A.B. asks: 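For reference, the structure I am asking about is given below.
Letters go in sequence order (proteins before strands), and every chain restarts at 1. Remember, it's a predicted structure, so these values are computed and weren't measured experimentally.
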2 protein chains.
Amino acid sequence: MSGTSPTGDELVSLLAALASPHRLRILAAVARQRTYVSELARQLQMNRPLLYMHLQKLEAAGLVSGELVTAPDGSSVKYVQAVPFTVALDLDAIALAAQNLTGSGPAAEQEK
Amino acid sequence: MSGTSPTGDELVSLLAALASPHRLRILAAVARQRTYVSELARQLQMNRPLLYMHLQKLEAAGLVSGELVTAPDGSSVKYVQAVPFTVALDLDAIALAAQNLTGSGPAAEQEK
DNA sequence: CTCCCCTGTCAGACTTGCCTGACAGGGGGT
DNA sequence: ACCCCCTGTCAGGCAAGTCTGACAGGGGAG
């Protein structure tokens, strides 16, 4: 999935997911080291529910993947790791992506 | 300014500016052709004030540049054109950008 | 039992972004 | 005078994102 030209909507989702200082820090931390949620919350010094929200967005965008590991004793810990990706961003890529946006053309048909 | 590694904050601003279907379409249209605002509003079929807002964001992010051209007769028209750029987006770039975010470190000093 | 650590989810407050209609003003044609 | 086209800005409504404290529950160690 790395290096592929994303559709317009996918691009928007990806950029939206990345356009946040918190999520950038989360991604950076998770790319360096596979940790579990609570530990990550301590490292980054942010509320756990907040971290949860951001993690969900990152996961929805396919940038991180979570794995709930249940130890033999029954205690569970959720590990999170970054998913490698690559996107080249320039005017051409944008012009290309803008062509296939849901409801892009001047005559956008209503669908709702 | 193309190809340079942006600081964390700049990256966030850039991504935020691009994470919008409207702005993507605007950029694409403006990259293809140097037009003026009202004409662009007609092409993209969006309210002029709305277009203005998005143009301001794009301009603030340095993605487009506007030029108010006043004809000899006094009538003025604002031309807008895209500013070329290139950003390689991957985990390394993000890890790098996350290092220099205002108030990044675990011990974020209060400043407000 | 009590204390600690973990996961998940919630309602509510707050902030930000998005979008619209309306306005003021400059200038040109008929 | 009237109508048309352009630029620029505004208040106000609406939707979405952000953040917090609190809760329920599972499990382990003293």
A.B. asks: Look at the side chain of A/Pro49 and decide which nucleotide, out of D/dC19, D/dT20, C/dG21, has an atom nearest to it.
C.D. replies: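 The closest nucleotide is D/dT20.
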A.B. asks: Separation of A/Glu59 atom CD from C/dG8 atom P, in whole Å?
C.D. replies: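 Checked: the CD to P distance equals 10 Å.
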A.B. asks: Taking the side chain of B/Gln56 as its heavy atoms from C-beta onward, which of C/dT7, D/dT9, D/dC6 lies nearest to it?
C.D. replies: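 The answer is D/dT9, which lies nearest to the side chain.
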A.B. asks: I want to verify a distance call: between D/dG17, C/dG17, D/dT7, whose nearest atom is closest to the B/Lys57 side chain?
C.D. replies: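 In terms of side-chain proximity for B/Lys57, the closest of D/dG17, C/dG17, D/dT7 is C/dG17.
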A.B. asks: Passes side chain to side chain donor-acceptor pair (under 3.5 Å), A/Asp9 versus A/Thr7? Steps please.
C.D. replies: CA-CA 6 Å; A/Asp9 296 332; A/Thr7 72; 5.2 Å; no
A.B. asks: Just how far, in rounded Å, is P of C/dC6 from CD of A/Glu39?
C.D. replies: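 The answer, rounded to whole Å, is 8 Å.
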A.B. asks: In whole angstroms, how far is the C1' atom of D/dT18 from the NE2 atom of A/His22?
C.D. replies: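 The distance from NE2 of A/His22 to C1' of D/dT18 comes to 10 Å, rounded to the nearest Å.
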A.B. asks: Rounded to the nearest 0.5 Å, how far does CG of A/Leu40 lie from OH of A/Tyr52?
C.D. replies: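 Reported value, rounded in 0.5 Å steps: 11.0 Å.
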A.B. asks: Rounding to a whole Å, what distance do you find between A/Leu55:CG and D/dT18:P?
C.D. replies: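 For the pair A/Leu55 CG and D/dT18 P, the rounded distance is 13 Å.
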A.B. asks: Looking at C/dT20, I'd like to know if its phosphate oxygens (OP1 or OP2) sit under 4.0 Å from a side-chain N or O belonging to B/Asn47.
C.D. replies: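 For C/dT20, OP1 or OP2 has a side-chain N or O of B/Asn47 closer than 4.0 Å.
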A.B. asks: Between A/Tyr52 (OH) and D/dC23 (C1'), how many Å, whole number?
C.D. replies: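 Rounded to the whole Å, the gap is 14 Å.
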A.B. asks: Check the phosphate of D/dA22 against A/Arg48, side-chain N and O only, distance under 4.0 Å to OP1 or OP2. Yes or no?
C.D. replies: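 Result: no.
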A.B. asks: Show your reasoning for whether side chain to side chain contact (heavy atoms under 4.5 Å, CB included) applies to A/Ile26 and A/Leu51.
C.D. replies: CA-CA 8 Å; A/Ile26 293 173; A/Leu51 176 59; 3.5 Å; yes
A.B. asks: Using heavy-atom distances to pick each residue's nearest nucleotide on DNA chain C, tell me which of B/Ser20 and A/Lys78 is more 5'.
C.D. replies: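 Whichever sits nearer the 5' end wins; that is A/Lys78.
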A.B. asks: On DNA chain D, does the nearest nucleotide to A/His54 precede the nearest nucleotide to B/Ser38 from the 5' side, or the other way round? Give the residue.
C.D. replies: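 Closer to the 5' end of DNA chain D: B/Ser38.
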A.B. asks: Without decimals, in angstroms, what is the distance between A/Leu51 CG and C/dT9 C1'?
C.D. replies: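 Roughly 15 Å, once rounded to whole Å.
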A.B. asks: For B/Leu58 and C/dC18, what is the distance between atoms CG and P respectively, to the nearest whole Å?
C.D. replies: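 These atoms are roughly 11 Å apart.
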A.B. asks: Can you tell which of C/dC6, C/dG8, D/dC19 lies closest to the side chain of A/Leu68?
C.D. replies: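 Minimum distance to the A/Leu68 side chain belongs to C/dG8.
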A.B. asks: Rounded to the nearest angstrom, tell me the gap between atom OH in A/Tyr79 and atom P in C/dC6.
C.D. replies: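 The distance from OH of A/Tyr79 to P of C/dC6 comes to 11 Å, rounded to the nearest Å.
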A.B. asks: Do A/Val80 and A/Met53 belong to the same hydrophobic cluster, where Ile, Leu, Val, Met, Phe, Trp and Tyr are linked whenever their side-chain heavy atoms lie under 4.5 Å apart, directly or via other members?
C.D. replies: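 Not linked; separate clusters.
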A.B. asks: Any carboxylate oxygen within less than 4.0 angstrom of a Lys/Arg side-chain nitrogen, looking at A/Arg34 and A/Glu67?
C.D. replies: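 So A/Arg34 pairs with A/Glu67 through a salt bridge.
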A.B. asks: Using a 4.0 Å heavy-atom cut-off, does A/Met53 contact any base of the nucleic acid, only the sugar-phosphate backbone, or nothing at all?
C.D. replies: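 The residue A/Met53 makes base contact.
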